[in-house]
Amino acid sequence: MYDVIVVGARCAGSPVAMLLARRGYRVLVVDRAAFPSDTVSTHFIHQAGLARLNAWGLLERLRATGMPALRRMRFASGDLVVEGFADPIEGITEVCCPRRTVLDALLVDAAREAGAEVLERCGVVGLLFAADGRVTGVRASMADGGEREFHARFVVGADGVNSTVAARVGADVYRAVPATGFVYYSYFSGIDWSHQNLIRDERQFAACRTHDDLMMLVVMRKRDAYRTFRADPEAEFQAVFDHVAPEFGADLRANGRQEEPFRAIHYADNFYRRSHGPGWALVGDAGYHKDPLTGWGITDAFVYGELLAEQLHLGLSGDVPIDDAVAEYARRRDRDSAGVFGLTVAMSELTLSPFLASVLGAVSRSPSYQRKFFTMVGGGLSSDEFFAPDSLAALYDEVGTPPAERLLPADAGAH
Ligand SMILES: Cc1cc2nc3c(=O)[nH]c(=O)nc-3n(C[C@H](O)[C@H](O)[C@H](O)COP(=O)(O)OP(=O)(O)OC[C@H]3O[C@@H](n4cnc5c(N)ncnc54)[C@H](O)[C@@H]3O)c2cc1C
């Protein structure tokens with residue numbers, strides 16, 4: 001009998017398993033993948049995410065893998081450019097983009113080192129329930145083709161957007177917003193653009209330096225462009241760079257060499273799922289998923305994975321009834337993630353709303369607000385604080401925005 005079984009061993013699952021094992025609980029974490037393992041996801045990590053790795057003693061280990069540190073960011077929409085970097089966030093002065101083969105394996109190793117039992121090539125196919133409906137374990141298909149049952153006081157679904165745990169407990173979705181785009185990405189040598197996130201005419205590209213002296217290049221477009229794009233991905237990929245920022249397009253054409261095949265995905269909708277119930281919880285993408293444009297999935301998996309582990313500890317140690325402790329995790333996650341979720345959904349339109357255009361137009365003319373903007377983006381300031389009417393009024397005053405163009409949150413509804 002385990003204290004906790006965690007289903008899924010990547011950004012959400014392994015940290016939960018590691019943190020509970022470090023507290024002395026008997027933890028099993030299972031994944032149908034075998035690590036190191038890639039996944040279809042780009043892999044930018046914000047300062048708030050690196051701060052969690054640092055707190056867990058894993059950041060130096062990640063740095064030692066040859067992961068480049070980035071200390072300048074550039075966001076542009078049309079001709080509006082916001083450039084710079086955030087204030088230190090919990091002492092973290094960099095962002096980065098580690099390959100998932102490296103990051104996820106490091107997290108799995110850390111869980112194992114902490115004392116969690118890790119079973120790879122082990123896919124959960126069902127849950128075990130007590131007569132009163134409480135989840136009491138999992139049924140899994142094993143690497144040897146057989147099936148096994150594992151019993152636990154609590155089961156955590158960290159098994160991604162198509163979560164088996166969520167399906168088996170019938171967790172409802174709420175705040176769903178349909179996804180707008182699709183992504184193509186790959187890795188290129190011969191160019192070095194540090195960090196870019198540029199949008200023009202509903203076309204976006206992002207660039208981020210990663211391991212092995214490669215640039216990760218990502219293109220995002222709205223779904224109506226998919227059929228055309230898929231017919232000739234190489235030409236369409238290049239065309240986005242040429243259209244959004246011709247100087248980057250020219251550099252890519254002249255000097256860039258694609259080192260790996262494209263990964264392509266019609267990613268899932270934005271949603272929250274009910275993430276707690278008798279004997280179970282959901283964490284990471286299983287419980288809360290949003291468009292990849294703002295690159296917050298990994299950071300959120302770390303932040304709320306840690307929160308879930310803390311709340312589970314309160315429950316397992318008997319301080320608080322465990323289902324209440326986990327309900328509190330879900331309540332706080334929903335409250336604290338609302339700003340990132342709202343901003344991400346707004347940005348995923350690949351065109352700025354009049355409100356965001358007004359604010360970011362002003363930000364682009366203020367070095368201090370550019371810093372503040374990246375501090376919000378990096379997780380050091382909430383979007384409520386950043387977009388607070390007083391703060392925006394001071395910004396508009398500073399850069400001399402004409403009264404008719406001074407849009408406030410009330411003009412936008414959501415961001
Ligand atoms: C195109 C794209 C780009 C992205 N770019 C970024 C980015 O730049 N930065 C960022 O922070 N986020 C990004 N994201 C989001 C990020 O990938 C996710 O938020 C993050 O991976 C969530 O981690 P997770 O551990 O919750 O789930 P996942 O990473 O999906 O891991 C779930 C794990 O569960 C396992 N699993 C599933 N079902 C079972 C089962 N039944 N039994 C056993 N194991 C199971 C899977 O094998 C998998 O290993 C991107 C996503 C996409 C699609």
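Here the structure is a predicted model, which is why all the values come from computation and not from measurement. Remember, it's 1-based here, ligands and their atoms both numbered in the order they're listed.
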Among all protein heavy atoms in this structure, tell me which lies nearest to [atom], with the distance rounded to 0.1 Å.
atom                    : value
atom 25 (O) of ligand 1 : A12 N, 3.0 Å
atom 33 (C) of ligand 1 : D31 OD2, 3.5 Å
atom 16 (C) of ligand 1 : S41 OG, 3.6 Å
atom 37 (C) of ligand 1 : D159 O, 3.3 Å
atom 44 (N) of ligand 1 : R32 N, 3.1 Å
atom 19 (O) of ligand 1 : D285 OD1, 2.8 Å
atom 30 (O) of ligand 1 : G160 CA, 3.7 Å
atom 9 (N) of ligand 1  : F44 O, 2.9 Å

Which bit of [X] gets closer than 4.0 Å to ligand 1, counting heavy atoms only: side chain, backbone, both or neither?
X    : answer
I298 : both
C122 : backbone
A158 : backbone
H289 : neither
Y185 : neither
I265 : side chain

Original post:
With a 6.0 Å cut-off on ring centres, are H46 and F44 close enough?
Top reply: yes

Original post:
Below 6.0 angstrom between ring centroids: does that apply to Y174 and F271?
Top reply: no

Original post:
Judged by atom type as modelled, is there a donor-acceptor pair below 3.5 Å linking the side chain of S364 to the main-chain atoms of G361?
Top reply: yes

Original post:
Counting distance only, does the side-chain N/O of S141 pair as donor-acceptor with the main-chain N or O of E147 below 3.5 Å?
Top reply: no

Original post:
Applying side-chain hydrogen bond (donor to acceptor under 3.5 Å, both in side chains), which residue pairs with at least one partner in residues 278-289 are found, sequence neighbours left out?
Top reply: Y288-D300

Hey, does [X] come in under 3.5 Å of ligand 1, counting only N/O atoms on both sides?
X    : result
C11  : yes
T42  : yes
G123 : no
F35  : no
V124 : yes

Answer with yes or no whether the side chains of [Y] and [X] bring together a donor and an acceptor at under 3.5 Å.
X    : Y    : answer
R100 : S41  : yes
Y2   : E117 : yes
E259 : S189 : yes
Y272 : S337 : yes

Taking only distance into account, with no hydrogens and no angle test, what donor-acceptor pairs under 3.5 Å do side-chain atoms of residues 338-347 form with protein atoms, sequence neighbours excluded?
{"from": "T344", "atom 1": "OG1", "to": "T294", "atom 2": "OG1", "distance (Å)": "2.7"}
{"from": "T344", "atom 1": "OG1", "to": "V340", "atom 2": "O", "distance (Å)": "2.6"}

Original post:
Of the options R52, R22, R333, which is the one that meets E306 in a salt bridge (charged side-chain N to carboxylate O under 4.0 Å, His left out)?
Top reply: R52

Original post:
Checking salt bridge (charged side-chain N to carboxylate O under 4.0 Å, His left out) against E83, which of R365, R74, R371 comes through?
Top reply: R74

Subject >> Heavy-atom closest pair, residues W193 and A207 >> reply: CE3-CB, 3.7 Å

**OP:** Hey, can you tell me if F237 and F188 have their rings parallel, tilted or perpendicular (30° and 60° cut-offs)?
**Re:** parallel

**OP:** Consider ligand 1: state whether an atom of it lies below 4.0 angstrom from any non-hydrogen atom of V40.
**Re:** yes

Ligand 1 atoms in contact with [X] (distance to a heavy atom under 4.0 Å):
X    : value
G284 : 26 (O)
T164 : 41 (N)
G8   : 33 (C), 34 (O), 35 (C)

Original post:
Which residue from R10, H266, R100 reaches closest to atom 31 (O) of ligand 1 through any of its heavy atoms?
Top reply: R10

